[in-house]
Amino acid sequence: MNNELQLPRAISVFVSFVALLRANGFAVAPEQTTAFLAAIELLGPRSMEAIRQAGLATLAPPPERRATYDRLFDLHFLGSETVDHAGAEDEEVVRLQEQGRGEDETLLADEANQSGLAAARAEALVERRFAPGATGDALRRLSREAPARLPRRRGHRRMRARRGPWADLRRTLRESVRNDGEVLRLGRLKRRSRPRKVLLLIDVSGSMKERTDDNMKLAHAVVHAAPNVEVFTFGTRLTRVTRALRLKRREQALSAAAHLVSDWDGGTRIGDALQAFLAVPRFGGYARGAAVVILSDGLERGDPSALRDAVAKLSRRAWRLSWLTPLANGPAFQPQTEALIAIRHFVDDLVDGGSTAAIVSHVLSLGQRKAA
């Protein structure tokens with residue numbers, strides 16, 4: 001005799017909807033599932049909208065993922081036919097394969113342009129594991145030379161100097177006391193230099209899949225080589241991974257970052273991600289006066305105007321804005337995609353980002369450059 005608890009057939013469709021939400025990144029506790037079923041029993045329910053509202057009240061999806069919840073609800077209860085004809089222009093609505101895996105959603109022909117034939121707009125929530133590996137020569141060079149070669153700025157505090165624009169009256173008077181009131185030498189002051197902020201924005205979309213591991217290892221090295229570094233990843237979402245990368249052991253840091261980022265190897269919405277970055281005042285403050293380095297191929301889907309506007313705003317806040325793309329195969333590189341053509345007048349550097357050595361060389365050269 002089978003003693004296992006068998007769910008009534010009438011509620012299995014609601015339990016499977018909760019399982020679909022969990023598979024696509026929603027945190028739903030068992031108690032919330034029970035409350036969801038109890039709410040449906042109390043409501044009757046009389047309509048599909050009542051079931052939708054019961055789910056919103058008990059399963060509590062976060063506000064920023066409300067569109068994803070509605071899309072999954074329609075897919076599960078109404079079928080794909082209803083979804084295909086409704087809300088096709090809403091870029092925030094995400095369609096996912098079963099269990100949160102699979103290929104990106106096929107785009108309609110009028111949604112694509114020449115800027116990103118290898119990119120995608122759809123979001124795919126996946127996990128990623130970073131393979132352990134030895135530290136390469138380029139990363140060792142970065143760790144060794146970064147403290148002296150990364151860009152610096154003049155601070156507000158002053159320090160003693162042989163030559164400087166300000167007189168050090170306190171030291172001058174102290175020395176005059178030792179010499180019976182005679183001033184033998186006038187002390188000078190200059191501003192103390194401080195490390196300039198560094199902001200790394202790393203594209204983790206599917207078109208950058210081959211570079212993602214190396215770029216994240218480089219980001220970990222930069223975080224530990226400089227005192228004031230911020231790191232964000234973007235694909236279809238924007239994720240701050242600075243705190244995870246501050247862990248000393250690289251494997252542990254990358255594993256922590258892998259659990260934070262949910263859009264590895266997914267779609268590409270660079271313009272939306274940068275607009276979201278600038279919309280948060282705290283994040284926008286990270287870019288003010290900073291050396292901003294964007295690691296992306298620039299394969300954007302859709303209208304590149306959002307990307308152009310975001311890069312223009314970012315360039316006004318940054319001390320220097322560098323865009324490193326694997327598509328730049330030499331010093332005579334000329335952008336060919338719509339997105340890179342749109343942003344090239346707003347960036348200070350549009351150079352090779354196809355290897356760790358090239359990225360390290362550029363980052364270390366920032367200290368010898370002046371903002372354009």
Side-chain angles (χ1 to χ4, degrees), residues 89-92 94 104-124 199-212 215 231-239 261 263-279 283-284 287 290-318 320-355 358-359 362 372:
E89 297 181 356
D90 186 0
E91 297 185 4
E92 296 302 321
V94 178
D104 292 327
E105 180 185 3
T106 302
L107 297 175
L108 300 177
D110 58 355
E111 291 181 318
N113 65 27
Q114 299 175 359
S115 67
L117 298 180
R121 184 196 304 271
E123 181 178 43
L199 172 64
L200 291 179
L201 300 171
I202 303 176
D203 187 344
V204 295
S205 63
S207 60
M208 287 287 291
K209 184 176 182 179
E210 295 182 359
R211 288 291 314 157
T212 298
N215 287 344
V231 184
F232 290 78
T233 65
F234 64 88
T236 56
R237 297 182 176 193
L238 179 74
T239 309
V261 180
D263 55 342
W264 300 110
D265 307 334
T268 307
R269 292 203 294 260
I270 307 175
D272 293 342
L274 295 182
Q275 293 280 7
F277 174 85
L278 294 169
F283 292 172
V292 181
V293 179
I294 302 176
L295 305 179
S296 173
D297 51 13
L299 297 181
E300 172 74 308
R301 294 304 292 252
D303 188 357
S305 61
L307 175 61
R308 183 184 62 246
D309 295 342
V311 172
K313 293 178 183 177
L314 194 59
S315 67
R316 290 194 290 268
R317 298 189 184 189
R320 190 173 189 90
L321 177 59
S322 301
W323 191 296
L324 279 66
T325 171
L327 303 179
N329 50 11
F333 166 73
Q334 292 295 328
Q336 301 296 325
T337 64
E338 279 192 55
L340 292 182
I341 292 174
I343 60 96
R344 64 177 174 177
H345 298 298
F346 302 105
V347 299
D348 299 294
D349 308 296
L350 185 58
V351 295
D352 180 22
S355 68
I359 298 173
H362 179 78

Given side chains that start at C-beta, do those of [X] and [Y] come closer than 4.5 Å, heavy atoms only?
{"X": "Arg320", "Y": "Val293", "result": "no"}
{"X": "Gln334", "Y": "Arg344", "result": "yes"}
{"X": "Arg237", "Y": "Arg269", "result": "no"}
{"X": "Asp265", "Y": "Ser205", "result": "no"}
{"X": "Leu314", "Y": "Leu201", "result": "yes"}
{"X": "Ile341", "Y": "Thr337", "result": "no"}
{"X": "Thr236", "Y": "Thr268", "result": "no"}
{"X": "Phe333", "Y": "Asp352", "result": "no"}

Inset, instruction - List the steps and the verdict of side chain to side chain contact (heavy atoms under 4.5 Å, CB included) for Trp323 and Val311. - result: CA-CA 10 Å; Trp323 191 296; Val311 172; 4.0 Å; yes
Where do [X] and [Y] come nearest, in terms of heavy atoms and distance?
{"X": "Leu307", "Y": "Ala339", "result": "CD2-CB, 3.5 Å"}
{"X": "Arg211", "Y": "Pro326", "result": "CG-CG, 4.3 Å"}
{"X": "Gln275", "Y": "Asp309", "result": "NE2-CB, 3.9 Å"}
{"X": "Leu199", "Y": "Ala287", "result": "CD2-CB, 3.8 Å"}
{"X": "Ala310", "Y": "Leu274", "result": "CB-CB, 3.6 Å"}
{"X": "Leu340", "Y": "Pro335", "result": "CB-CB, 3.6 Å"}

State the [atom1]-[atom2] distance between [X] and [Y], to the nearest 0.5 angstrom.
{"X": "Ser322", "Y": "Asp348", "atom1": "OG", "atom2": "CG", "result": "6.5 Å"}
{"X": "Glu210", "Y": "Asn215", "atom1": "CD", "atom2": "CG", "result": "11.5 Å"}
{"X": "Glu300", "Y": "Ser305", "atom1": "CD", "atom2": "OG", "result": "9.5 Å"}
{"X": "Phe346", "Y": "Arg316", "atom1": "CZ", "atom2": "CZ", "result": "8.0 Å"}
{"X": "Leu299", "Y": "Glu338", "atom1": "CG", "atom2": "CD", "result": "12.0 Å"}
{"X": "Ile202", "Y": "Thr239", "atom1": "CD1", "atom2": "OG1", "result": "11.5 Å"}

Inset, instruction - Check the pair Phe234, Phe277 against ring pair (Phe, Tyr, Trp, His ring centres under 6.0 Å), reporting the backbone distance first and the verdict last. - result: CA-CA 10 Å; Phe234 64 88; Phe277 174 85; 9.8 Å; no
Inset, instruction - Would you please say whether a donor-acceptor pair under 3.5 Å links the side chains of Asp297 and Ser207? - result: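 Yes, a side-chain donor-acceptor pair sits under 3.5 Å.
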Inset, instruction - Start with the C-alpha gap between Leu295 and Asp203, add the side-chain angles, then the distance that decides, and say whether side chain to side chain contact (heavy atoms under 4.5 Å, CB included) holds. - result: CA-CA 6 Å; Leu295 305 179; Asp203 187 344; 5.9 Å; no
